[in-house]
Peer 1: 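Let me begin by handing over the structure; questions about it come next.
Protein chains get the first letters and strands the later ones, always in sequence-line order, with residue 1 at the start of each. Treat the numbers as computed from the prediction; the structure is a model and nothing was measured.
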There are 2 protein chains.
Amino acid sequence: MTDTAPRPTLEAVAARAGVSRATVSRVVNGGDGVREALVTRVRRAVEELGYVPNQAARSLVTRRHDAVAVVIAEPETRVFADPFFALQLRGISKELTAHDNQLVLLLTEGRDDHVRVGRYLAGGHVDGALVFSLHLDDPLPGLIQHAGVPTVFGGRPGWSESGGDAVFVDSDNRGGAREAVRHLVGLGRSRVAHITGPLDQTSAADRLEGFRDVMPDADPRLVEESDFTPAGGERAMRELLDRRPDVDAVFAANDLSAAGALRVLRERGRRVPEDVAVIGFDDMLPVAEQTDPPLTTVRQDIEGMGRLMARLLLDRLGHRTAEGAEGAPSSVVLPTTLVRRASA
Amino acid sequence: MTDTAPRPTLEAVAARAGVSRATVSRVVNGGDGVREALVTRVRRAVEELGYVPNQAARSLVTRRHDAVAVVIAEPETRVFADPFFALQLRGISKELTAHDNQLVLLLTEGRDDHVRVGRYLAGGHVDGALVFSLHLDDPLPGLIQHAGVPTVFGGRPGWSESGGDAVFVDSDNRGGAREAVRHLVGLGRSRVAHITGPLDQTSAADRLEGFRDVMPDADPRLVEESDFTPAGGERAMRELLDRRPDVDAVFAANDLSAAGALRVLRERGRRVPEDVAVIGFDDMLPVAEQTDPPLTTVRQDIEGMGRLMARLLLDRLGHRTAEGAEGAPSSVVLPTTLVRRASA
DNA sequence: ATGAAAGCGCTAACAC
DNA sequence: GTGTTAGCGCTTTCAT
């Protein structure tokens, strides 16, 4: 098939431009300290020959790869039914591309994969890692710390030990939850229920905290643990209605479970928002805009989180992406905004 | 921070095991033609030192990277609101991982990115590429062909010229559409409408073909072009109802637009499926299971498509993944299945 | 079956 | 400023 035409080397470009390899190398890498005339000549030779640097040869000597691993640890299919990671990836990709870095995607499911990922990261194939680790008991962060690769986490890692120095980017889950619940209270609702996410995930735990911040004395029967799925939302809503038929508002930890709750409310003859006001979380458009009624929810800037993660990592790798603020970059918590639609 | 402990080299392992670098290299690469005793000794040394081969050095001489690029060209945000790519990626990742290949993700939006991707692929940084190119006028396939990298496409590429030799994996869009429409006909419906996707995408075009296969004489007013979005589905459904109030079934080109259609039907007081039966396409669970009523739809094995794409590419790269069928691998069209829920 | 040695293409001291 | 040179860590003939 494709005749692998031997790609031109530095040597070839040097010959063509009538200079040494070193000069070509300098030009290719920015051209500082090379006379304008030569720079132009070399550039043209590069152009004419269609020269592309051999990244392997370069890495071999620089020990840099201009590549970053993105590790998504998600055993559950559910997460893939959700555009969350896709959006983060998009943000990450944009930022990495802008700084000429490659994105190596590592998807894991299960322990075996953890070992594999650990080895890969420790193997020094990439300059850094962006890691999504959503569960409290996830061994991955530990493995990565062990691998000694500069890392930024997506979402607050849920580990207690030595977590102090972990750099992460997260949404203000707690603040967003507070805002949602306050909005419900502002609507005059006093019997506000909360359908939680899986509480071994920090995002779900933080949203529950936010709920409690505003409703510190809530009847425990107004809180039902669920799992971020529509079916889970349905189940939880039934439970809540059975226990407290007088409930007049629901804050669901994500849009999917809110959609489930909405269905049960309709089925039980409750009008939304007249009888029961409902708020979700995420502002996952294909869900939030399609429910009946459309869902009031807490929006987080998912793509922005991705961008920021990449930027933080590149900073840490010495890429000084923008403002020269080098030094130990620290974690960032991004604000959320309440999006009002018809459900509350 | 992390003290970059100099990672052990082949040299170090050789010294430790009391053999030459060449021998260690042989062992690391399979150990053929090396005495058992030595193999064991080397293996232990590798273990003890925690040796991991330097991929850059290896690539430099072998000209292989054990890495594959996945190119997703999608200017539209919509696609990211859809778990389609995430699932394909998962399938791809599994297969690549199983064969020790890395996945380099290239996301593009817009012409500038095309150039960048073209250069990257031509640069010989990866052994092959998996490309999702969904639009008829997409210049990407051309660029890639030009780059001379072994490639497998996701979805039938929509280019006319020289497309004969392109290897791709696709769902049986046409067959699935036929099955859906036949099902509607089998239900006794005779005024079956079709809400298409954007017809510059082969998947949408093929589904329309399938519709026409079964309804060759359909009133043109029963076909309305749309765009795979819920809002587009609503608009199309309104149009159809205005033109043909007697419509008794709708085949929508995807679940999202079917969901939009469902809303309009309810709003107009049509009962589903009694008055109008509705079928979607994709079996995108968070949508299809959450509509009211739940959507009958055509399922495609998205993850399977991803796996297969990777397998085909690896075959082509000489990885002989399973059955030794080497030689020119050819395109594959995967079957679809009708999933019956309540809407038809 | 094993070792010695020659590069792969590039960057980075170091000379000039 | 520009050229010379010595490797980066590995695979792969070619001897032995």
Peer 1: Would you mind classifying the nucleic acid contact of A/R63 as base, sugar-phosphate or nothing, using non-hydrogen atoms under 4.0 angstrom?
Peer 2: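 Sugar-phosphate, backbone atoms only, no base.
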Peer 1: Mind calculating the distance between CG (B/L10) and P (D/dT12) to the nearest angstrom?
Peer 2: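 Checked: the CG to P distance equals 12 Å.
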Peer 1: Considering residues, nucleotides and ligands other than B/R119, do more than 12 of their heavy atoms fall under 6.0 Å from its CZ?
Peer 2: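 Atom CZ in B/R119 is not crowded, with 12 or fewer foreign heavy atoms closer than 6.0 Å.
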Peer 1: Round to a whole Å and report the spacing from CG of B/D66 to P of D/dT11.
Peer 2: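 For the pair B/D66 CG and D/dT11 P, the rounded distance is 11 Å.
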Peer 1: Return the value, rounded to whole Å, for the distance between atom CG of B/N54 and atom C1' of C/dC10.
Peer 2: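 Taking atom C1' of C/dC10 as the reference, CG of B/N54 is at 13 Å.
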Peer 1: Separation of A/L49 atom CG from C/dG9 atom C1', in whole Å?
Peer 2: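 Value for this atom pair: 15 Å.
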Peer 1: Is there a side-chain contact between A/R35 and the phosphate of D/dT2, meaning an N or O under 4.0 Å from OP1 or OP2?
Peer 2: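 Answer yes for this pair, as a side-chain N or O of A/R35 is under 4.0 Å from OP1 or OP2.
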Peer 1: Evaluate the side-chain proximity of A/V24 to A/V13: yes if any heavy-atom separation is below 4.5 Å, no if none is.
Peer 2: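 Side chain of A/V13 against side chain of A/V24, heavy atoms only: contact under 4.5 Å found.
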Peer 1: Starting at CD of A/E11 and ending at C1' of D/dT5, how long is that distance when rounded to a whole Å?
Peer 2: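 To the nearest whole Å, that distance equals 13 Å.
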Peer 1: Quick one: do A/V28 and A/R58 satisfy side-chain contact (heavy atoms from CB on, under 4.5 Å)? Show the steps, please.
Peer 2: CA-CA 12 Å; A/V28 169; A/R58 178 181 275 172; 3.7 Å; yes
Peer 1: For the pair B/M309 and B/F153, evaluate side-chain contact (heavy atoms from CB on, under 4.5 Å) and give the outcome as yes or no after the intermediate values.
Peer 2: CA-CA 7 Å; B/M309 286 176 68; B/F153 290 92; 5.8 Å; no
Peer 1: Which of these nucleotides, D/dG9, C/dA12, D/dT11, is closest to any side-chain atom of B/T62?
Peer 2: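 Per side-chain heavy atoms of B/T62, the pick is D/dT11.
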Peer 1: Select from B/A22 and B/A56 the residue whose nearest nucleotide in DNA chain D is closer to the 5' end of that strand.
Peer 2: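 This one resolves to B/A56.
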Peer 1: Within the pair A/T9 and C/dG9, is there a side-chain N or O less than 4.0 Å away from OP1 or OP2?
Peer 2: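 Looking at the OP1 and OP2 atoms of C/dG9, neither is under 4.0 Å from any side-chain N or O of A/T9.
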Peer 1: What nucleotide among D/dG3, D/dT11, C/dC10 has an atom nearest to a side-chain atom of A/V61?
Peer 2: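 Among D/dG3, D/dT11, C/dC10, the one nearest the side chain of A/V61 is C/dC10.
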Peer 1: Rounded to whole Å, how long is the line connecting atom CZ of A/R64 with atom C1' of D/dG9?
Peer 2: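 Taking atom C1' of D/dG9 as the reference, CZ of A/R64 is at 19 Å.
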Peer 1: With respect to the side chain of A/L60, which nucleotide from D/dC8, C/dA5, D/dT2 is positioned closest?
Peer 2: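 From the listed options, D/dC8 comes nearest.
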Peer 1: Please determine, for the side chain of A/V19, which listed nucleotide (C/dT2, D/dG3, C/dA5) has the closest atom?
Peer 2: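 My answer, after comparing the listed nucleotides, is D/dG3.
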Peer 1: Rounded to the nearest angstrom, tell me the gap between atom NE2 in A/H125 and atom P in D/dC10.
Peer 2: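 Roughly 11 Å, once rounded to whole Å.
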Peer 1: Please tell me if A/N29 has a side-chain N or O lying less than 4.0 Å from either OP1 or OP2 of C/dT11.
Peer 2: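 Yes, within the criterion.
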Peer 1: Establish, with yes or no, whether the OP1 or OP2 oxygen of C/dT2 is under 4.0 angstrom from a side-chain nitrogen or oxygen of B/T23.
Peer 2: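 No, B/T23 has no side-chain N/O under 4.0 Å of OP1/OP2 on C/dT2.
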Peer 1: Any side-chain N or O of B/S25 below 4.0 angstrom from OP1/OP2 of D/dT11?
Peer 2: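 It does, given that an N or O in the side chain of B/S25 lies less than 4.0 Å from OP1 or OP2 of D/dT11.
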Peer 1: With a 4.5 Å heavy-atom cut-off, do B/Y51 and B/R7 have their side chains touching?
Peer 2: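 Counting from C-beta outward, B/Y51 and B/R7 never come under 4.5 Å.
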Peer 1: Confirm from the modelled atom types if B/R26 and D/dT11 form a donor-acceptor pair under 3.5 Å, side chain to base only.
Peer 2: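 Counting by modelled atom types and ignoring angles, no donor-acceptor contact under 3.5 Å is found here.
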Peer 1: Tell me the interatomic distance from B/H65, atom NE2, to C/dC8, atom P, rounded to whole angstroms.
Peer 2: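 After rounding, the reported distance stands at 16 Å.
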Peer 1: If you pin B/G18 and A/A57 to their nearest nucleotides in DNA chain C, which one's is more 5'?
Peer 2: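 Nearest-nucleotide comparison on DNA chain C picks B/G18.
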